[in-house]
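Encoded as structure tokens, the structure appears first; notes follow it.
Below, each value reflects all heavy atoms present in this structure, side chains not excepted, and no hydrogens, waters or symmetry copies.
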Amino acid sequence: MRDDGTLDDPYAPSSPTADTEDGTSTERTTAASRLRAYARDLTGRRRAQVALATGVVCCLGLTAVVQVRNEDADAATRGRSLSSAELAQRAEQQRASRSLDRTAAPSTAAAAPSATATPADPDTTAPARKVTPARPTDPAPVAGLDEDQMENAEAIVRAGRRMGVPRRGLVIAVATAMQESNLYNVASGVLPESQNYPHQGVGWDHDSVGLFQQRSSSGWGPVGRLMDPEFATRQFLGALEQVPGWERMRLTDAAQAVQVSAYPEYYQQHEWRATRVVDAIVPAGR
């Protein structure tokens, strides 16, 4: 309390100054200095706080980065480990597939066979192979014959066998055709009609045609039929079978009995060749 009985102003400056211009200026200077000091102090504290916060954030960030990098490194390590394991497994599988002494894993059926199962019969379970018989091939020409002559000889033999003629009759027929037409199916130049049918040459012995030079005018048959080797053979052998004892005759005599040729002995010269041809077409025993 002052002497004048008034209370001190708590907010008044501790040391009174004169209310003069100089006193006021001094007071303002002191206040300004205090404010600047406080501002510097506040700025310093804020900078320290900011620095501290920045340091904390940096530490946290660095920790996070280190942790992430560690996790990445662990993941990469695990990836490398898995890849190595897979590679090792694949390599082992490849080695097993190339191994010569590997054993096959037993199948389910093999591991647990049925109690009622019976071994399969390979003869009944295996599909039967269909065997196609080989087609007989025509024999190669023999006894100096060419392909056409051999085919005509085969036609004679086939026709005789269908008729049931003995082998001796086949030899006589082939030998006769060798003498009459040289085993060619010959048409007649005198009979132009005969040339309308398949033929292998033209002869001029009257109207004689075919392998046996048979004449239609003598009753052997139509010209067109006589140009067919099979029909001509049947006509010859049918007449031969009508000759009594033909099987016991010489070949030339049996042939002459049918053909009535001006040269009856000429047939005999072909017997050995005719025999060889028949043997080639029909082996002995057949």
Side-chain angles (χ1 to χ4, degrees), residues 137-163 165-241 243 246 249-282:
T137 58
D138 295 335
V142 296
L145 302 184
D146 61 22
E147 293 288 346
D148 291 336
Q149 291 172 307
M150 194 67 181
E151 288 180 3
N152 290 330
E154 290 181 61
I156 293 172
V157 172
R158 286 195 301 267
R161 285 173 63 84
R162 280 192 288 268
M163 292 174 65
V165 175
R167 194 182 194 88
R168 176 66 175 171
L170 303 179
V171 174
I172 293 172
V174 172
T176 301
M178 285 180 174
Q179 175 61 33
E180 294 291 349
S181 64
N182 197 21
L183 270 176
Y184 289 117
N185 196 21
V186 180
S188 173
V190 177
L191 193 63
E193 178 189 355
S194 64
Q195 301 176 35
N196 296 331
Y197 304 97
H199 57 280
Q200 297 163 324
V202 177
W204 298 91
D205 184 11
H206 305 291
D207 58 347
S208 301
V209 297
L211 291 176
F212 297 91
Q213 289 293 283
Q214 296 158 329
R215 301 177 65 179
S216 178
S217 60
S218 299
W220 285 98
V223 174
R225 300 299 301 279
L226 294 175
M227 292 296 297
D228 176 17
E230 182 176 354
F231 178 82
T233 299
R234 289 202 305 267
Q235 292 296 86
F236 173 82
L237 291 175
L240 178 64
E241 289 182 321
V243 176
W246 66 270
M249 293 180 179
R250 290 191 309 153
L251 183 146
T252 191
D253 294 337
Q256 175 63 14
V258 176
Q259 296 296 104
V260 191
S261 171
Y263 308 97
E265 293 295 327
Y266 284 8
Y267 299 108
Q268 189 65 41
Q269 62 182 331
H270 303 291
E271 183 172 5
W272 73 271
R273 296 176 65 222
T275 302
R276 185 175 177 187
V277 170
V278 172
D279 290 343
I281 299 173
V282 184

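Judged as a side-chain hydrogen bond (donor to acceptor under 3.5 Å, both in side chains), and not counting sequence neighbours, E241 has no contacts. Annotation: side-chain contact (heavy atoms from CB on, under 4.5 Å) contacts of R158 (sequence neighbours excluded): E154, A155, R162. Residues satisfying the side-chain hydrogen bond (donor to acceptor under 3.5 Å, both in side chains) test with R225, not counting sequence neighbours, are none. Residues meeting the salt bridge (Lys or Arg N to Asp or Glu O under 4.0 Å) test with D228, sequence neighbours left out: none. Taking Y184 as the reference, D146 meet the side-chain hydrogen bond (donor to acceptor under 3.5 Å, both in side chains) condition, with sequence neighbours excluded. Under the rule for a side-chain contact (heavy atoms from CB on, under 4.5 Å), the partners of A143 that lie at least two apart in sequence or sit in another chain are R273, R276, V277. Checked against side-chain hydrogen bond (donor to acceptor under 3.5 Å, both in side chains), Q195 has no partners two or more places apart in sequence or in another chain.
Side chain of S216 to backbone of G221: a donor-acceptor contact under 3.5 angstrom is found. Proximity of a side-chain donor or acceptor of Q259 to a complementary backbone N or O of F212 within less than 3.5 Å is detected. Remark: the backbone N or O of T252 is paired with a side-chain donor or acceptor of Q268 at under 3.5 angstrom.
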Dump the intermediate steps for side chain to side chain contact (heavy atoms under 4.5 Å, CB included) on Q256 and V243, then the final yes or no.
CA-CA 11 Å; Q256 175 63 14; V243 176; over 6 Å; no
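When side chains are defined from C-beta on, I172 does not count as touching M249, because their heavy atoms never get closer than 4.5 Å. When side chains are defined from C-beta on, V223 does not count as touching N196, because their heavy atoms never get closer than 4.5 Å. Counting only heavy atoms from C-beta outward, the side chains of Q200 and L183 never approach each other to under 4.5 Å. Between E151 and D138, every side-chain heavy-atom pair lies at or beyond the 4.5 Å cut-off. Proximity of P141 to Q149: side-chain heavy atoms (C-beta onward) are nowhere separated by under 4.5 Å. Between T176 and V258 there is no side-chain heavy-atom pair separated by less than 4.5 Å.
Between G160 and L170, the closest heavy-atom pair is CA-CD2, 3.6 Å. In plain terms, the two heavy atoms of V186 and G203 that are nearest each other are CG1-N, 3.2 Å. Listed here is the closest heavy atom pair of P264 and Y267: O-CD1, 3.4 Å.
Within the structure, every pair that satisfies the salt bridge (Lys or Arg N to Asp or Glu O under 4.0 Å) test and touches residues 199-212, not counting sequence neighbours, is listed here: D207-R215. Sorted by first and then second residue, the salt bridge (Lys or Arg N to Asp or Glu O under 4.0 Å) pairs with a member in residues 168-189 read R168-E271; sequence neighbours excluded. The side chain to side chain donor-acceptor pair (under 3.5 Å) pairs that include a residue from residues 185-194 number zero, where partners must be two or more places apart or lie in different chains. Applying the salt bridge (Lys or Arg N to Asp or Glu O under 4.0 Å) definition to pairs two or more places apart or across chains, those involving residues 261-270 are R250-E265.
Summarising the geometry, atom CD1 belonging to I156 is positioned 5.0 Å from atom CG belonging to L211; distances are rounded to the nearest 0.5 Å. Within the model, atoms CG of L191 and CG of L226 stand 9.5 Å from one another, a figure rounded to the nearest 0.5 Å.
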Identify all side-chain donor-acceptor contacts of residues 232-239 below 3.5 Å with residues at least two apart in sequence or on another chain.
unit_1: T233; atom_1: OG1; unit_2: P229; atom_2: O; d: 2.8
unit_1: R234; atom_1: NH1; unit_2: E230; atom_2: OE2; d: 3.3
unit_1: Q235; atom_1: NE2; unit_2: W220; atom_2: O; d: 2.6

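Atom OH of Y266 has 12 or fewer neighbouring heavy atoms from other residues, nucleotides or ligands inside a 6.0 Å radius.
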